[in-house]
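Below you'll find the structure, written out as structure tokens, and then a few comments.
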Amino acid sequence: MKPVRHYLQFSDLSQDECLYLFERSRVLKRLHADGELYRPLVGRVMSMIFEKSSTRTRVSFEAGMAQLGGHAMFLDTKTSQLGRGEPIEDTARVLSRMSDVVMIRTFEHSLVERLAAYSRVPVINGLTNEYHPCQVLADILTWMERHGSIAGHTVAWIGDGNNVARTWRQAAHLLGFKLNIATPVGYEIAPLAGDTPNDPAYFQAFDDPMEAAKGADIITTDVFTSMGFEAECEVRREAFKQHRVTAALMAVAQPHALFLHCLPAHRGEEVDAEVIDGAQSAVWDEAENRMHVQKALIEFLLLGRIAEA
């Protein structure tokens, strides 16, 4: 029996596996665009656990499983026993006897690790407070569709040192690009035990967002207040007011630079409308690519590498 592979953070994949997923995503995206049915997962079931609200994560996984011929079940704390205190270990034991893969979108990353430890089937992290690995897979795929390999290029993260920023740092180390990050004081990426180190070859922190953005190939950001931090909303809005992505900031990046945002976006807060709705914005391709890269990931975790469609 093959050991179960999980995808809990970006670094769970090797560089070679990441590059395979990007290429496979493009194949699956092309098949879908051409109207060709490809259903290798008929009879397979995904259980989706949501402790945080979602639009893109739910739709991308549910639609992706349907396109692959499988079925996705939605579970939340209001309609499952998780909301009544059932241990995640017991949930893992049960779901992994009735499902072929489990996706979870929750708060503490330790909960995902506990789920995976007791699961017989692959577990995918759909988002935690600490990591958002599927999002960054989609982000990099969006760059590669337009410009090829991301190796040797520069990504500028402007804003909160949150789960997406931490995942970008892991990706930079794995795939060989540079991450510049500009955060307000007190909102830097918090160190975690065993996490990717701040290697200056791949990561540099800046006080000034303009300095971080100079010469960058990608400018990316997120909301100032992530889910679970709503009580800090006003304090964060004041702290981050100099970290909005504006046309002036985009102008110091490379002429071909893309603007990315994991969405939902607050126009006029972390990004100006003229940027997110402008010619350099790739956010809608980025959102769609969540579905295609997750299809490639699910296929890989369940079936391994596929030589051809």
Looking at [Y] and [X], is there a salt bridge between them, counting it only when a charged N and a carboxylate O are closer than 4.0 Å?
X: Glu145; Y: Lys29; answer: yes
X: Asp12; Y: Arg5; answer: no
X: Arg244; Y: Glu269; answer: no
X: Asp16; Y: Arg305; answer: yes
X: Asp272; Y: Arg267; answer: no

4.5 Å side-chain heavy-atom contact, [X] and [Y]:
X: Cys18; Y: Leu21; value: no
X: Thr183; Y: Phe240; value: no
X: Arg24; Y: Leu28; value: yes
X: Gln135; Y: Glu286; value: yes
X: Thr154; Y: Phe177; value: no
X: Gln15; Y: Leu175; value: yes
X: Ile49; Y: Leu95; value: yes
X: Lys295; Y: His32; value: yes

Nearest 0.5 Å please: distance from the [atom1] atom of [X] over to the [atom2] atom of [Y].
X: Met250; Y: Phe259; atom1: CE; atom2: CZ; result: 7.5 Å
X: Asn198; Y: Ile181; atom1: CG; atom2: CD1; result: 9.0 Å
X: Thr91; Y: Ile104; atom1: OG1; atom2: CD1; result: 8.5 Å
X: Lys178; Y: Ile150; atom1: NZ; atom2: CD1; result: 13.5 Å
X: Leu75; Y: Gln81; atom1: CG; atom2: CD; result: 11.0 Å
X: Leu8; Y: Asn125; atom1: CG; atom2: CG; result: 6.5 Å

Could you check whether any side-chain N or O of [X] sits under 3.5 Å from a backbone N or O of [Y], counting only pairs where one atom can act as donor and the other as acceptor?
X: Asn289; Y: Asp285; result: yes
X: Asp34; Y: Glu36; result: no
X: Gln280; Y: Ala257; result: yes
X: Ser96; Y: Ala92; result: yes
X: Glu211; Y: Pro209; result: no
X: Asn180; Y: Ala156; result: no
X: Ser99; Y: Val45; result: no
X: Gln254; Y: Ala216; result: no
X: Ser119; Y: Val123; result: no
X: Tyr38; Y: Gln67; result: no

- prompt: When the ring planes of Trp143 and His147 are compared, do they come out parallel, tilted or perpendicular, using 30° and 60° as the limits?
  reply: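 The rings of Trp143 and His147 sit tilted, inter-plane angle from 30° to 60°.
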message: Ring-plane angle category for His256 and His153, please: parallel below 30°, perpendicular beyond 60°, tilted otherwise.
response: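 Ring orientation of His256 relative to His153: perpendicular.
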Between [X] and [Y], what is the shortest heavy-atom contact and its length?
X: Ala116; Y: His6; result: O-NE2, 3.3 Å
X: Ala138; Y: Thr142; result: O-OG1, 2.8 Å
X: Leu303; Y: Pro40; result: CD1-CB, 3.8 Å
X: Met48; Y: Phe61; result: SD-CB, 3.7 Å
X: His243; Y: Ala182; result: CD2-O, 3.3 Å
X: Leu141; Y: Ser25; result: CD2-CB, 3.7 Å

message: One pair to check against side chain to side chain contact (heavy atoms under 4.5 Å, CB included): Glu108 and Glu130. What are the steps and the verdict?
response: CA-CA 7 Å; Glu108 299 301 324; Glu130 292 81 9; 3.3 Å; yes
Under 4.5 Å between side-chain heavy atoms, counting indirect links through other Ile/Leu/Val/Met/Phe/Trp/Tyr residues: same cluster for [X] and [Y] or not?
X: Ile219; Y: Leu179; result: no
X: Ile218; Y: Phe22; result: yes
X: Tyr20; Y: Leu137; result: yes
X: Tyr131; Y: Leu13; result: no
X: Met103; Y: Val136; result: yes

- prompt: Does the side chain of Ser60 come under 3.5 Å of the side chain of Gln294 through a donor N or O and an acceptor N or O?
  reply: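 Distance-only check passes for Ser60 and Gln294.
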[atom1] ([X]) with more than 12 external heavy atoms under 6.0 Å:
X: Asp207; atom1: CG; answer: no
X: Arg146; atom1: CZ; answer: yes
X: Phe74; atom1: CZ; answer: yes

message: Given the ring of Phe50, does Arg105 sit roughly above its face, with NZ or CZ under 6.0 Å from the centre of the six-membered ring and within 45° of the axis?
response: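 Verdict for Phe50: no cation-pi partner in Arg105.
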task: Please report the C-alpha distance between His261 and Glu270 in whole Å, then the side-chain angles of each, then the deciding distance to 0.1 Å, and finally whether the side-chain hydrogen bond (donor to acceptor under 3.5 Å, both in side chains) criterion is met.
output: CA-CA 10 Å; His261 190 308; Glu270 75 273 4; 2.7 Å; yes
message: Are Phe224 and Tyr187 an aromatic pair, judged by ring center distance below 6.0 Å?
response: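 For Tyr187 and Phe224, the ring centres are not under 6.0 Å apart.
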query: Between Phe10, Tyr202, Trp168, which is the residue that forms a ring pair (Phe, Tyr, Trp, His ring centres under 6.0 Å) with His173?
result: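 Among the candidates, only Tyr202 passes.
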query: Run the side chain to side chain contact (heavy atoms under 4.5 Å, CB included) check on Arg30 and Arg26 step by step: do they pass?
result: CA-CA 6 Å; Arg30 175 180 53 78; Arg26 297 174 78 166; over 6 Å; no
Audit row: Cys134, Leu297, side chain to side chain contact (heavy atoms under 4.5 Å, CB included) steps and yes/no: CA-CA 9 Å; Cys134 292; Leu297 175 65; 4.0 Å; yes
- prompt: Given Asn163 and Leu127, is the side chain to side chain contact (heavy atoms under 4.5 Å, CB included) satisfied, shown in steps?
  reply: CA-CA 8 Å; Asn163 50 0; Leu127 175 144; 3.7 Å; yes
